[in-house]
Amino acid sequence: MSLYCGIAYRRKISQGYRLLSTYVTKARYLFELKEDDGACKKAQQAGAFYLFHSLAPLLQTAEHRYLVPRFSLLASLPKSEVETELQGSFIELRKAIFQLNSMDSSLLFTAQALLRWHDGHQFCSKSGQPTRKNIAGSKRVCPSNNIIYYPQMAPVVITLVSDGTRCLLARQSSFPKGMYSALAGFCDIGENMEEAVRREVAEEVGLEVENMQFSASQHWPFPNSSLMIACHATVKPGQTEIQVNLRELEAAAWFSYDEIATALRKKGTYIQQQNEAFPFLLPPKLAIAHQLIQEWVEKQTCASLPA
């Protein structure tokens, strides 16, 4: 059983120092917690904790949504007793994501990613000796050679391809039933973002990208903590025949504006949507793929309005 501490910050203002913005104050305080074990131990006394068991967070069910119970201290109890005491269950994060709010999901993503990283980096890759983490969990150090290891994210490009009037969505066999999403793939070593987008689109659906535009980025905990780099890309209208790479994808297809707009308007929980008679489902609102699709629909809507 593992604890992740989410710590509130307090402003430190003394005479003679300029007033800092709330963001700068928070950033400086979090940096202090990462580097100062004493400050981190002190902050833990007033911190709120999330509880994990085998990387699954403890969640409570309320009105078709998951809520995250927060507590300051917890006695050492067996898993079943903890669930009973806190009236919740340890639920795999990938399954719970469709019913979490954005604030809880962001903290849970960070917590799970750190716990997974620590579990997989307990030994130094050079000396083979056990590494030790600091109190904040922001790094691990090898005592034999003082090599410092920091948590890392793998860069992934996620791209919504369009031919002007349609967008291309695909699905992998691991996706929930009926769900289609934007194309995504890990960046190869030595690639920049643009090269990765062009290669992934060519590999997965056999199309050549003509133009691309960066949209946003997002930390994503699956499968092993990724930095999702979201982009829009277009292909030439006359070169849109899809050739699906079945080693990468289960299916891929072009979807019209009306089809996508209708899918975005669907209401209810993801489970409820799956039970309805509808040809396909879109990624949850928490996923940056949903943001890409929403942006494309908004752009198409604006383009259709009279000048």
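These values consider heavy atoms only, across backbone and side chains, with no hydrogens, waters or symmetry-generated copies.
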Under a 4.5 Å cut-off applied to non-hydrogen side-chain atoms, are [X] and [Y] in contact?
{"X": "I97", "Y": "S105", "value": "no"}
{"X": "L58", "Y": "Y50", "value": "no"}
{"X": "D119", "Y": "R116", "value": "no"}
{"X": "D188", "Y": "E195", "value": "no"}
{"X": "L227", "Y": "S217", "value": "yes"}
{"X": "C124", "Y": "N145", "value": "yes"}
{"X": "L160", "Y": "L169", "value": "yes"}
{"X": "L249", "Y": "V205", "value": "yes"}

Aromatic rings F280 and F255: how do their planes relate, parallel, tilted or perpendicular, breaks at 30° and 60°?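 Taking F255 first and then F280, their aromatic rings sit tilted (interplane angle of 30° to 60°).
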The test is side chain to side chain contact (heavy atoms under 4.5 Å, CB included); show your working for L100 and L59 and say whether it passes. CA-CA 10 Å; L100 286 169; L59 302 174; 4.3 Å; yes
Donor-acceptor contact present, side-chain Q129 to main-chain S144, <3.5 Å: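 Not at all, since once roles are kept as given, no pair shorter than 3.5 Å links the two residues.
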Taking all non-hydrogen atoms of both residues, which atom of [X] and which atom of [Y] are closest, and how far apart?
{"X": "F175", "Y": "M179", "result": "CD2-O, 3.5 Å"}
{"X": "A39", "Y": "E32", "result": "CB-OE2, 3.9 Å"}
{"X": "A263", "Y": "L282", "result": "CB-CD1, 3.7 Å"}
{"X": "I158", "Y": "A182", "result": "CG1-CB, 3.8 Å"}
{"X": "T165", "Y": "Q300", "result": "CA-NE2, 3.9 Å"}
{"X": "S226", "Y": "F222", "result": "OG-O, 3.8 Å"}

Just checking, is any N or O donor in the side chain of T240 or W254 under 3.5 Å from an acceptor N or O on the other one?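 The answer is no; no qualifying pair exists.
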Got a second to check how far H121's NE2 is from C142's SG, nearest 0.5 Å?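 That separation rounds to 13.5 Å.
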Residue pairs fulfilling salt bridge (charged side-chain N to carboxylate O under 4.0 Å, His left out) with at least one residue in [range], sequence neighbours excluded:
{"range": "residues 202-218", "value": "R199-E203"}
{"range": "residues 230-254", "value": "R171-E250"}
{"range": "residues 36-60", "value": "none"}
{"range": "residues 139-165", "value": "E35-K139, D163-R166"}

Apply side chain to side chain contact (heavy atoms under 4.5 Å, CB included) to the pair M212 and T159, showing each step before the final yes or no. CA-CA 9 Å; M212 72 181 70; T159 309; over 6 Å; no
For F123, enumerate each residue passing the side-chain contact (heavy atoms from CB on, under 4.5 Å) test, keeping only those at least two apart in sequence or located in another chain.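 Testing F123 for side-chain contact (heavy atoms from CB on, under 4.5 Å), a comparison that skips the adjacent residues, returns P130.
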Please enumerate all residues that pass ring-ring contact (aromatic ring centres under 6.0 Å, His included) together with H232, with sequence neighbours excluded.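 If we apply the ring-ring contact (aromatic ring centres under 6.0 Å, His included) test to H232, skipping adjacent residues, there are no hits.
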Who pairs with F109 by ring-ring contact (aromatic ring centres under 6.0 Å, His included), at least two apart in sequence or on another chain?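 Result, ring-ring contact (aromatic ring centres under 6.0 Å, His included) vs F109: W220.
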Using a strict 4.0 Å threshold on nitrogen-to-oxygen distance, state whether E295 and K299 make a salt bridge.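 Here E295 does not pair with K299 in a salt bridge, since their nearest N and O are not under 4.0 Å apart.
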Taking the hydrophobic residues Ile, Leu, Val, Met, Phe, Trp and Tyr, and joining any pair whose side-chain heavy atoms are under 4.5 Å apart, which ones share a cluster with F31?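 Members alongside F31: none; it stands by itself.
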Members sharing Y150's hydrophobic cluster (side chains within less than 4.5 Å):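 Grouped by the 4.5 Å side-chain rule, V141, I148 form the rest of the cluster around Y150.
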Answer yes or no: does atom CD of Q122 have more than 12 heavy-atom neighbours from other residues, nucleotides or ligands under 6.0 Å?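 Atom CD in Q122 is crowded, with more than 12 foreign heavy atoms closer than 6.0 Å.
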For Q112 and L115, what are the C-alpha separation, side-chain angles and deciding distance, and is it a side chain to side chain contact (heavy atoms under 4.5 Å, CB included)? CA-CA 5 Å; Q112 191 202 62; L115 291 173; 5.7 Å; no
side-chain hydrogen bond (donor to acceptor under 3.5 Å, both in side chains) involving [X] - partner list, sequence neighbours excluded:
{"X": "S125", "answer": "Y149"}
{"X": "S138", "answer": "N134"}
{"X": "S89", "answer": "none"}

Side chain to side chain contact (heavy atoms under 4.5 Å, CB included) between W296 and S162, intermediate numbers included: CA-CA 9 Å; W296 181 79; S162 170; 3.2 Å; yes
